[in-house]
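Position 1 is the first residue of the sequence, and the numbers go up from there. As the structure lists them, so they are numbered: ligands from 1, and atoms in each ligand from 1. As the structure is a prediction and not an experimental result, all values here were calculated from the model.
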Amino acid sequence: MKPTDMFAQVGSVIASVMFAWAMFKQYCPYNLQEVIDKYSKRAFAFIYPYIQISFNEFTGDRFMRSEAYSAIENYLGSRSSTQAKRLKADVVKSSQSIILSMDDHEEVEDEFQGVKLKWAAGKHISKTQSVSFYPVTDEKKYYRLTFHRRHRQLILGDYLNHVLKEGNEIKVRNRQRKLYTNSGSYWRHVVFQHPASFESLAMEAERKQEIMDDLVVFSTAEEFYARIGRAWKRGYLLFGPPGTGKSTMIAAMANLLNYDIYDLELTAVKDNTELRKLLIDTTSRSIIVIEDIDCSLDLTGQRKKKKEEGEGDEKDPKLKLPKEESETKQSQVTLSGILNFVDGLWSACKGERLIVFTTNFVEKLDPALIRKGRMDKHIELSYCSFEAFQILAKNYLKLESHHLFARIQELLGETKMTPAEVAEHLMPKTISGDATVCLESLIGGLEKAKEDAILKAEEELKESARLKAEEEEKEKEKEKEKTKAEEEEKAKEKDSSKAEENAKNQVKENGFCDKGNAELSNKEKK
Ligand SMILES: Nc1ncnc2c1ncn2[C@@H]1O[C@H](COP(=O)(O)OP(=O)(O)OP(=O)(O)O)[C@@H](O)[C@H]1O
Ligand SMILES: [Mg+2]
């Protein structure tokens, strides 16, 4: 008999049995029906020793998508793309990559510790009862897992945990990352798409590797942090002159770890309470950044002064706030508020988080703010070294070596230039993108910087000599005044002693006269 004929026969037998059962059920007493149901299920379980678990897309109320369903969807993604014949595609991650998942009524197989299992995607469709021109259908999607009942323990325990964990990790890897900024007491976000990476960051290879290792070790050390009883957090302080790559490094960190960024603008935070609220609203796997901490907090007035004197403000007086208004708008966040924010982060929030401060003036920060335990790792970003230049040349000009490199190395050893300035020289100058033009521009820039530095040093020397001369002049003047005053004092003393002597003489003379007069009057009396 042909297989098709056999299926047809089996089909007709099943249909006949179903029909007979339906007829029989009508006349069968209720109690007997229950007994038959029970034993038929047992018989079915005996013949069919498999267990099935359904994971519905929506559980309970229809508003929240089940986390287990989306974790399974992610978990099955790669397996589906190799096994299923019909797939669904979705665009994620900056609209650049396509994520595949299996279509409805498809099946894929999986294996865990030598045990084979089967996943199937399905959906229940129920039509609403209301009479309408456009009938609304209600779709309920689900994944169904089928496995042999002898593996019940393993599948319900280890396997499902493994599926959820891996599925969530894939979800994090595929998610659109966000850049949050604070507006009032809320965070607003845009999609975070910064191309910076540690590979393109210009800095010494050894230091770069050390920072990368530190980050990766941190991001995978959940168990370690739990064991030693510390919150899974780490603080970084990035310091150095403007244009040395602090902000670029933060973007590279976020890209390396696949974290979101919360860029906290402290001056827009009203007070410490608002700061605390913002902290609580951050999610795990994120970097909380406070740029230019020295300006946000009134630990030093340097940048504020700069901003007040800034050209832009002077050119356009409309941009300047009246003094009173700007003062009233100032944030009331205090240093202790920030300290509490960092410590609160360490204790209040679950999940891994990095906090990064950047500053141009590390020496002016309060030591309490940057002590180890709050800011665990201090990273200095400094002027461009030759090694850093080589990375920039490779990125910008695709150059590994060039005869002008030797001169550049020499000049970089003699003068200071930030990576931002070097990068500006290496930007294409001609349509043909001639590298030599860029390198010559850099050499020109470095030579000018060197000359400027020499001139500046000379001016500083002159200025200090002038100041010294002025100081000496002042000292001399003081000395002169002192001696003059002393002389005057002496002259005064001399005058007063002379006057005293005169007075004494006068007294003496007067005394003699009085004595003579008295003797004379006595004689006359006698
Ligand atoms: N180390 C570096 N590697 C690669 N590019 C760099 C580096 N440093 C600076 N740049 C380039 O210079 C530009 C400015 O750098 P960045 O904004 O990171 O400096 P910063 O240290 O944050 O400055 P500021 O203190 O003014 O905020 C960046 O767009 C980047 O292209
Ligand atoms: Mg910056």
message = What I want to know is whether Ser200 and ligand 1 share at least one N or O pair that is separated by under 3.5 angstrom.
response = no
message = Residue-level breakdown please: for Ala202 versus ligand 1, do any non-hydrogen atoms fall below 4.0 Å on the side chain, on the backbone, on both, or on neither?
response = both
query = Can you list the atoms of ligand 1 that are under 4.0 Å from a heavy atom of Thr248?
reply = 15 (O), 16 (P), 18 (O), 28 (C), 30 (C)
task = Quick one: sort the Trp119 and Tyr159 rings into parallel, tilted or perpendicular, breaks at 30° and 60°.
result = tilted
query = Nearest heavy-atom pair of Ala435 and Leu399: which atoms, and what distance?
reply = CB-CD1, 3.7 Å
inquiry  = In the structure I gave you, are the side-chain heavy atoms of Met203 and Ile391 within less than 4.5 Å of one another anywhere?
reply    = no
key: Pairwise side-chain contact, Phe389 with Leu426, heavy-atom cut-off 4.5 Å (strictly under)   = yes
inquiry  = Is the distance between the ring centroids of Phe357 and Phe239 under 6.0 Å?
reply    = no
ask   = Does Gly243 come within less than 4.0 angstrom of ligand 1, counting non-hydrogen atoms of the residue?
value = yes
ask   = Can you list the ligand 1 atoms lying under 4.0 Å from a non-hydrogen atom of Leu392?
value = 4 (C)
query = Leu201 heavy atoms, cut-off 4.0 Å: which ligand 1 atoms fall inside?
reply = 3 (N)
query = So, is Gly240 polar-close to ligand 1, with some N/O to N/O distance under 3.5 Å?
reply = no
ask   = Do any nitrogen or oxygen atoms of Ser247 come within less than 3.5 Å of a nitrogen or oxygen of ligand 1?
value = yes
inquiry  = If the threshold is 4.0 Å, N to carboxylate O, is there a salt bridge linking Lys478 and Glu481?
reply    = no
key: Whether Ser247 has an N, O or S atom under 2.8 Å from the Mg ion (ligand 2)   = yes
request  = Decide if the gap between the ring center of Phe55 and the ring center of Tyr143 is smaller than 6.0 angstrom.
outcome  = no
